[in-house]
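What follows is a short report on a single structure.
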Amino acid sequence: MSSRPGILTIDPILPFMKERLEQFFDLHPYTSLEELKVVAPVIRGITTGGGSGVPAAIMNALPNLEVVSVNGVGTDRIDLQEAKRRNIRVATTQGTLTDDVADMAVVLMMTVMRDVVNNDRFVRAGNWPNSPLPLSHSLTKKKVGIAGFGHIGQAIAKRVSAFGMEVAYFNSHAKPETAYRFEPNLKALAEWCDVLILAVSGGPRSANMINDDVLTCLGKNGVLINIARGTVVDEEALLVALKEKRIAGAGLDVFQNEPNINPAFFALPNTVLQAHQASATVETRTAMGNLVVENLIAYFTDGKLLTPVI
């Protein structure tokens, strides 16, 4: 039996990650719980993505699990309380994807407000010589509400401020080190702003926090942007609001039940839809993959994680 730590790879890993990991560890791709039983005793670490996390059945099947290295920043699909109880360390790729995710929020906002996708379709259909296009909306002097004001929320604020937009934020607590206005009431923030951008963490505390009441407060001229988690939005309420034009539009990078999202979104011209692509650049995914590897190497070398959550 190998003396090297066994690592369970729940999500597929990029070739350069596999090459680096195989220098130090024995890799075991996850296939099924039944097959996992065969190698369970040698598994001491896990690599996974924020969307997959570590299902309880997998964690329970690994008696010698010591560390989980997440390729992402989400931990809502990992039972952190159980991990703490078992002294299982957890690391994410925090700090690597902030800028790209913030950029995607701005891209979605601009694409919805300037109606870029529908204009592209209009030109491609050959309609430009025959009929006028409706006017879109300026960003300048609009009000942006940001729900969730961690690193990504603050990076979004910096970007939209450069467009001459006014910013206020909702968060679990005020951030006195920033110059932006703290709004402790989410519905009040939605009523105040023209664009509501979601940058909160996933998990039970934020589940369906964007409900019919919040969307009503956002109003018929309001735009919703979600680069957080699909679970943050009550999608049935959002679909009704979009169909009835009780809000102006939405730019969505994340969904409930992704990738098998509600097909009702496909028929809505006032939406811009992305396939959870906010961090999907060559540069960021390379940095994320390297940090996943380096967290595992650091842990099994000296017991420390570079970017620990617990």
Side-chain angles (χ1 to χ4, degrees), residues 1-98 100-101 151 201-203 258-259 276 278-310:
M1 183 176 293
S2 173
S3 61
R4 305 196 312 170
I7 303 296
L8 181 71
T9 59
I10 292 180
D11 283 355
I13 57 176
L14 295 169
F16 78 89
M17 294 174 63
K18 184 173 186 289
E19 183 178 347
R20 289 194 65 193
L21 286 167
E22 285 180 334
Q23 295 177 32
F24 302 93
F25 310 109
D26 293 330
L27 302 187
H28 302 274
Y30 176 74
T31 53
S32 68
L33 281 173
E34 191 61 33
E35 292 192 15
L36 180 59
K37 292 177 183 177
V38 178
V39 296
V42 303
I43 299 299
R44 296 172 60 193
I46 287 176
T47 67
T48 187
S52 298
V54 182
I58 292 179
M59 186 180 286
N60 293 339
L62 301 175
N64 300 313
L65 181 62
E66 299 175 36
V67 61
V68 177
S69 190
V70 181
N71 195 1
V73 295
T75 57
D76 47 300
R77 296 190 177 179
I78 300 174
D79 188 339
L80 295 181
Q81 290 301 117
E82 177 64 9
K84 287 179 183 177
R85 187 189 72 80
R86 290 181 52 184
N87 198 29
I88 298 168
R89 304 294 307 282
V90 178
T92 65
T93 55
Q94 55 192 280
T96 58
L97 48 71
T98 298
D100 275 350
V101 176
H151 293 300
S201 300
E258 58 185 52
H276 205 148
S279 67
T281 65
V282 171
E283 296 83 357
T284 289
R285 289 294 171 88
T286 299
M288 291 169 66
N290 279 323
L291 186 51
V292 168
V293 174
E294 286 156 10
N295 267 311
L296 288 173
I297 293 172
Y299 175 79
F300 285 107
T301 300
D302 59 17
K304 297 180 181 179
L305 292 170
L306 303 178
T307 50
V309 174
I310 57 174

(message) Tell me whether R86 contacts the main-chain N or O of M59 through its side chain, where contact means a donor paired with an acceptor under 3.5 Å.
(response) yes
(request) Say whether N290 and R20, considering side chains only, have a donor N or O and an acceptor N or O under 3.5 Å apart. (result) yes
(message) I want to check something: taking the side chain as every heavy atom from C-beta on, are I46 and L62 in contact at a cut-off of under 4.5 Å?
(response) yes
(request) Taking atom types as modelled, find out whether S32 and E34 have a side-chain donor-acceptor pair closer than 3.5 angstrom. (result) no
(request) Show the numbers, then the answer: is there a side-chain contact (heavy atoms from CB on, under 4.5 Å) between N64 and V42? (result) CA-CA 7 Å; N64 300 313; V42 303; over 6 Å; no
(message) Would you say T307 and N295 are linked by a side-chain donor-acceptor pair, where the criterion is simply a distance under 3.5 Å?
(response) yes
(request) Could you tell me the separation between the CG atom of L21 and the CG atom of L27, rounded to the nearest 0.5 Å? (result) 5.5 Å
(message) For A91 versus L305, what's the shortest heavy-atom pair and its separation?
(response) CB-CD1, 3.9 Å
(request) Report the distance from atom CG of D11 to atom OG of S52, rounding to the nearest 0.5 Å. (result) 3.5 Å
(request) Over all heavy atoms of both residues, which pair between T92 and L291 is shortest? Give the atoms and the distance, please. (result) O-CD2, 4.0 Å
(request) With the side chain counted from C-beta on, respond yes when I7 and F300 share a heavy-atom pair under 4.5 Å apart, and no when they do not. (result) yes
(request) Could you tell me whether a side-chain N or O of T48 sits under 3.5 Å from a main-chain N or O of G53, the two making a donor and an acceptor? (result) yes
(request) Please tell me if the side chains of N71 and T93 come closer than 4.5 Å, counting only heavy atoms from C-beta onward. (result) yes
(message) Using a 6.0 Å cut-off, check whether atom CZ of R77 has over 12 heavy atoms from anything other than its own residue.
(response) no
(message) Would you compute the distance between atom CG of L8 and atom OH of Y30 and round it to the nearest 0.5 angstrom?
(response) 8.0 Å
(message) Quick check: do L296 and V67 have side-chain heavy atoms less than 4.5 Å from each other?
(response) yes
(message) If you compare all heavy atoms of A40 against all heavy atoms of A61, which two are closest, and at what distance to 0.1 Å?
(response) CB-O, 3.3 Å
(message) What's the separation between atom CZ in R285 and atom CE in M17, rounded to the nearest 0.5 Å?
(response) 10.5 Å
(message) Does atom NE2 (H151) have a neighbourhood of more than 12 heavy atoms from anything else shown, all under 6.0 Å?
(response) no
(message) More than 12 heavy atoms of other residues, nucleotides or ligands under 6.0 Å from CD of E22: yes or no?
(response) yes
(message) Return the CD to CG distance between E294 and L306, rounded to the nearest 0.5 Å.
(response) 6.5 Å
(request) For residues Q94 and V309, determine if any side-chain heavy atom of one lies less than 4.5 Å from a side-chain heavy atom of the other. (result) yes
(message) I need the I297 CD1 to D302 CG distance, nearest 0.5 Å.
(response) 11.5 Å
